[in-house]
Structure formats: structure tokens, C-alpha cells
Amino acid sequence: MGKGARRSDAVLVVVAALVALPFVPLVLWAFAGEWRFPDLLPTAWSLRGMSHLFEPGGGVLGAAFNSLVIGAATAAASVAVGLPAGMAIGGYEWRFKGVVVFFILLPILVPPLASTMGVHVTFIRLGLADTLPGVFLVHLVPTVPYTALILAGVFAERTGELEEAARTLGASPWQAFMRVTLPGVLPGVAVAGLFAFLISWGQYVLTLLIGGGNVVTLPMLLFSAASGNDPVITSALALAFALPAILTLVLALRVLKPGQRTNLIGPGKV
Amino acid sequence: MGARLEMENVSHRYGGDAPALEDLSLDVEPGELVALLGPSGCGKTTALKVVAGLLRPTCGDVRVGGRSVVGTPPERREAAMVFQKPLLFPHMSVARNVGFGLKMRGTPREETGSKVHEALRRVRMEGFAGRPPEELSGGQQQRVALARALVTEPRLLLLDEPFSALDANLREEMRELVLRLQREGGHTTVFVTHDQEEAVVLADRIALVFDGKLQMYDEPQAFYDRPATREVARFFGATNFIEGRTKNGSVRTPLGDLRLEGPAPPGAVTLTIRPEAVRLEAGENSFRARVSSASYLGTQVHYELRTAQTTLRAALPPHVRLAVGDEVTARLPAGSLWTLKA
């Protein structure tokens, strides 16, 4: 343990504190019974916020379920589209690659509000407006570019020489992909899927425009609660909204073994 | 036993650039170890990939065991390749890495097990079968990569600078390993390297490639004794080039009239002599010179001998002590002078 290690530990603590601190008043509010102005801490505690979350008729459980379904479907579809795209971009050199990459990135560059207006008109014609499948489809607009980009980075590291080695050892192109390339990129695929899920989980504007208030997800509830004046309910919803994101990230970091994790960030040792 | 490899007028160009490989013809006997030697970027890796089937030659033919393989995909060429990086599959154990080629061939499980064990034993890695590759050092990984290539009993073994990333001691150890495996297995091996010393130590024959073109293809000793051109001679460390013109059977040079062992070719010639062949004695082909620099290298001392017109390098055993400024008589034995092609 050198001086450098200790210093980077200190930096970690500061960063963690900066991330965690905003949650402190949130947690306090979520469990507060009474909290008036000059008091530093709530004077009374209650589970009113928590019971609102799980109230059968309260709509929170249903909204959470919608968010979960849309998020999972978005993640799966993004990976399905992003995998071949990422492999083509990251793994191989070809003509006009720059142009294609530009078009894949366009949905990130163009303000979502602008493109979604057009999408909305089309979806009304197709009968997809105000429906859950419509919301799922529009969530793909921001997630696919990100998944494709993440996977391109993963493939850039994994294709090429490893596949060539497999080929000279007797593997057909398909075998090389299934047995060498794909297992190597799976941790990256998991991260890309997770990322797509989180983007979808956090969508408000796209859900509102295409769902038209018929498709209620957690951010919709949170937004309307935040514009009301019950900080207990708002904080409870905010916690419920943030928790899955934190949980999945922690889980992902634990599932990915250190050796595989380095491959996502940079070259492993040679 | 390995197969014969024949490359006939093979060219390859990437896109519209200058050809990476131009009109390369090479014959490798069954069981022979040939080094493809050249500076980096000379096209030697391209040549190897063409043989492996990873690149398609722009024109020319590649035959293995007498049959053309130009249209054969890499997986059916039985030409196992070991790369500069070990490229072990990171999600497989050492044993599964080594067994990969057998699995692709549908070898039964028991047979695979015993062959993998045998291959790991041959590269002295038998204790590592269950380990993930990331726990191995660079040298160990490269030994596993060798075992992985050998276990399929390929008709050709292609090595692309496999030891250049290792440190000097390890490199030496690996060279011995490759020589031993080669003797035991009789694989036809093509070995790419930019290290002239490595090529000399390992190869039965060396193919020297500059700018995608074959310069000389011969036994290692020939590159020292009978280099084809000045560039070849220089690549093998020759520094003494003596320009001259043939007159009355000997060559008139700034060092005087030099007699050659055979008949001197007519007209302008360039002679070369290894620094270690220069003698400090009087006699035929001798001249007076002054020592202009001396550098002690442990087993040898390198001197620069200067005459009025030219400078010559001599490598002498350390017990001959000359000081800078000494006047000496040096002799170039006729048998050590070699005439270069223009």
C-alpha cells in the first residue's frame, strides 16, 4: 500500500459522499411524520410514505410493473439490434463506416422532443400511440445508439486476432463467433443491456408524449407528486425510483469478475 | 510429419496501396524450419497470413502437400498459427484452450483429454491445466499457445514473432523449446521474425524479405559468407564494403590491389569482408592503417582501421590490445573476401 493508493482511497470516499449526500434528506423525508422549518431532523417518524408505495389501489405497484416490463423489453431489443451493429462497427473495417456511425448516433444528437413529435404522428396512424408497445418502441430511440456504441467498444477489443487464432485451429466463422467472440463479449452485453434498461427506466418525456398519460410509469408518478406538495410521498417515490438503479449497478459490478471487467475498460494484460 | 509448402509468385496488396507482398516464391521441405526474416512492415506477417488462409493472395498460388489451398478456408488448411500475443481464449481454462482445436475436429472426449495432457507436458505446463489464462505469465501463456497449436498435429506450424514480447532470457528458453518440439514432431514450420540472431539460431533456411520482395533464401551461414546484395550483407551486420575495379585478375581498390580466391568478375565490383575475418599480419592483400577507434565488447574488441582513402572495421579477440593511433598492418584473406552483386 503506497501513498498513491491511500490518496486514491480518499478520493473515492469524497466521490462516494458527493453521490450519497443528496439521498440523505430524501431518506429522512420518506420516513418523516412531522418536520417543520427550524428543526434539524424530523420530530416524528411515520411509514406513511412506504405504505403509499405498496398500497393496492395507489397505482405505484402498477406503474413500477410497467416501468419494469418496458425497461426489460427495451434492454433486450436494444441488445438484439446493438450486437450486430456493434460487431460491425467495432470488429471490422469497411467503406462508409463513418457515415453509418453518424446515422446510428443521430438519435442522441437530435433533441428527442423534435424527433418524437414526428414519431407521435406516425404512431397515431399505426395505432401505437397511447399504448405500452408504443412507449417501448419510442424508448429504443435513445437506447439503441448507446448499446451499439458500448458494444462497438467491446468488440473492438475482442474480434480480430482472437477469431483468427480460432480459425487457424479449425473453427468455422460461426464456431469462432459462438465459442470465442460471443463468450468474450457477454459481460459487455450485460452492461450494455443494463445501461439500456436504466435509460428506459428514467424516461419521462418520451413516455408522456407517446403514452399520452395512458401508460403510467414510475417517472410519471414521481413527476406529478413532485409538482404537488407532499414531500413525504415524493421522497418515498424518489427512493423507489432510484433504488433499482443502484441495486442493478451494484449487482452488475459484483457479477462481472475483475478479469472480465478490465476488458470492458481497457486492454487486459498481455 | 509436416507437409511440403510451396508458395509460387504470391502477391498481396491491401486496398490500393503498394503491394505488401510481391511475387514471393518459397519452397519449404516437409519437416523444415524456415525463418521469414525482415524489418517490421516488410510483408512477412502478410505472407504468413496468406499461408494460413487469413488473407487471400491477390495473385499466385499456395500449395500444401502438392495441392493448391488458395480457395480453402483457414479452418480446413491444418495450418495452426501462433501469434505475437498468446491470444488464449480468456473464458476458457488452459486445458480447454489447448483442447479447442480437437473439439473443433470432433475428437472424442477421452482422446482429447490425453492429447491435451501430452501437449501440456511437451511445453512443460502440465500443472496448469485447470488455471484461467489470466493467472499465467506472458511466457507461460505463449507456451500454452504453442501447445494449443501443436495438439492438432497441423501440417504446417506458423509462428508470427511469438517471442518478441518476452524478455531476453525467456526468449532464449522459448527458442530451445521450439527447436526441441520441432525435432520431436517434425513439423513443417514457418517462423516470422525481425531478429536476425533468432533466425540464425532456429532456422534450417532463412528467407530474407525487404519491402515485400524476397532478397535471398538460403542456409543461415550463407548470409554471412555469401550475401547476395549489399542490403542483405548490411542486414546481417556487415559494415565493410570495398569498391573496386577488376584489372589483370585482381581488384584495384583504395586498399591496394586485392586478390580474390576465384576469378574476379569484370568491371566495377563491391567486395565485403566480415570484421572478424580481418587479420593483423603482413602478406597477401595487406595494407597499412591507423587505429581510429576501439570499443571493448567483452569477448571481442571492435576497431576502426583508417587508411588515407577508406575505413575498415575489424573485430579482434580481446588479448590483442591496440590503442587508438597505433599503426598496424592488416590483411584481408582472399578466402574471406566476397563479391557482392551490383
Side-chain angles (χ1 to χ4, degrees), chain A residues 83 87 90-98 151 153-192 252 254-270, chain B residues 14-15 45 48-49 51-55 72-92 96-107 132-139 141-142 145 147-154 156-160 164-166:
Chain A
L83 195 73
M87 187 167 170
Y92 304 96
E93 287 304 320
W94 33 278
R95 277 166 72 100
F96 306 121
K97 186 160 122 173
L151 290 169
V154 173
F155 274 107
E157 181 131 340
R158 287 325 195 92
T159 29
E161 288 183 312
L162 270 181
E163 277 181 345
E164 289 189 337
R167 292 294 301 280
T168 74
L169 292 168
S172 67
W174 176 247
Q175 283 172 318
F177 176 76
M178 288 306 287
R179 294 182 181 277
V180 174
T181 312
L182 196 60
V185 300
L186 271 185
V189 171
V191 167
R254 294 197 133 219
V255 166
L256 299 177
K257 286 182 228 142
Q260 293 167 317
R261 202 158 57 215
T262 55
N263 288 326
L264 293 176
I265 301 164
K269 59 183 164 186
V270 175
Chain B
Y14 297 97
T45 296
L48 209 61
K49 286 194 168 180
V51 174
L54 297 171
L55 287 176
T72 311
E75 63 268 25
R76 290 213 305 272
R77 289 198 184 188
E78 295 180 60
M81 187 156 164
V82 177
F83 297 74
Q84 189 166 0
K85 288 188 263 172
L87 298 177
L88 298 182
F89 307 131
H91 57 286
M92 297 183 195
R96 285 190 55 213
N97 260 285
V98 176
F100 183 82
L102 297 172
K103 189 167 188 169
M104 293 303 108
R105 284 164 177 73
T107 311
E134 68 196 32
E135 287 180 14
L136 272 51
S137 71
Q141 291 194 25
Q142 202 54 287
R148 182 174 71 174
L150 288 172
V151 78
T152 59
E153 286 162 37
L156 295 176
L157 181 61
L158 309 174
L159 308 173
D160 185 8
S164 58
L166 306 179

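Labels below follow one simple rule: chain letters A, B, ... track the order of the sequence lines, proteins then strands, and each chain is numbered from 1. If you're wondering where the values come from, they're calculated on a predicted model, not measured in any experiment. The figures here come from the full heavy-atom set of this structure, side chains too, leaving out hydrogens, waters and symmetry mates.
The contact between A/Gln175 and chain B is made entirely by side chain atoms (from C-beta outward), counting heavy-atom distances below 4.5 Å. With a 4.5 angstrom heavy-atom cutoff, B/Ala79 touches chain A only via backbone atoms. Contact annotation for B/Arg105: only side-chain heavy atoms (C-beta onward) come within less than 4.5 Å of a heavy atom of chain A. Neither the backbone nor the side chain of A/Ala176 has a heavy atom closer than 4.5 Å to any heavy atom of chain B. Neither the backbone nor the side chain of B/Leu102 has a heavy atom closer than 4.5 Å to any heavy atom of chain A.
Note that OG1 of A/Thr168 and NZ of B/Lys49 are 10.5 Å apart. Values are rounded to the nearest 0.5 Å. The structure places CD of A/Glu164 at 4.5 Å from CG of B/Leu54, a figure rounded to the nearest 0.5 Å. Atoms CD and CD, on B/Gln84 and A/Glu161 in that order, are 8.0 Å from each other to the nearest 0.5 Å.
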Task: Residue pair B/Arg148, A/Leu169: steps toward the side chain to side chain contact (heavy atoms under 4.5 Å, CB included) verdict - done: CA-CA 8 Å; B/Arg148 182 174 71 174; A/Leu169 292 168; 3.4 Å; yes
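Applying the 6.0 Å contact sphere to CH2 of A/Trp94 captures more than 12 heavy atoms from other residues, nucleotides or ligands.
The two residues B/Glu75 and A/Pro173 have their closest heavy-atom pair at OE2-CD, 3.5 Å. Counting all heavy atoms, side chain and backbone alike, B/Lys103 lies closest to A/Arg179 at CE-NH1, 3.4 Å.
Remark: the backbone N or O of A/Leu182 is not paired with any side-chain donor or acceptor of B/His91 at under 3.5 angstrom.
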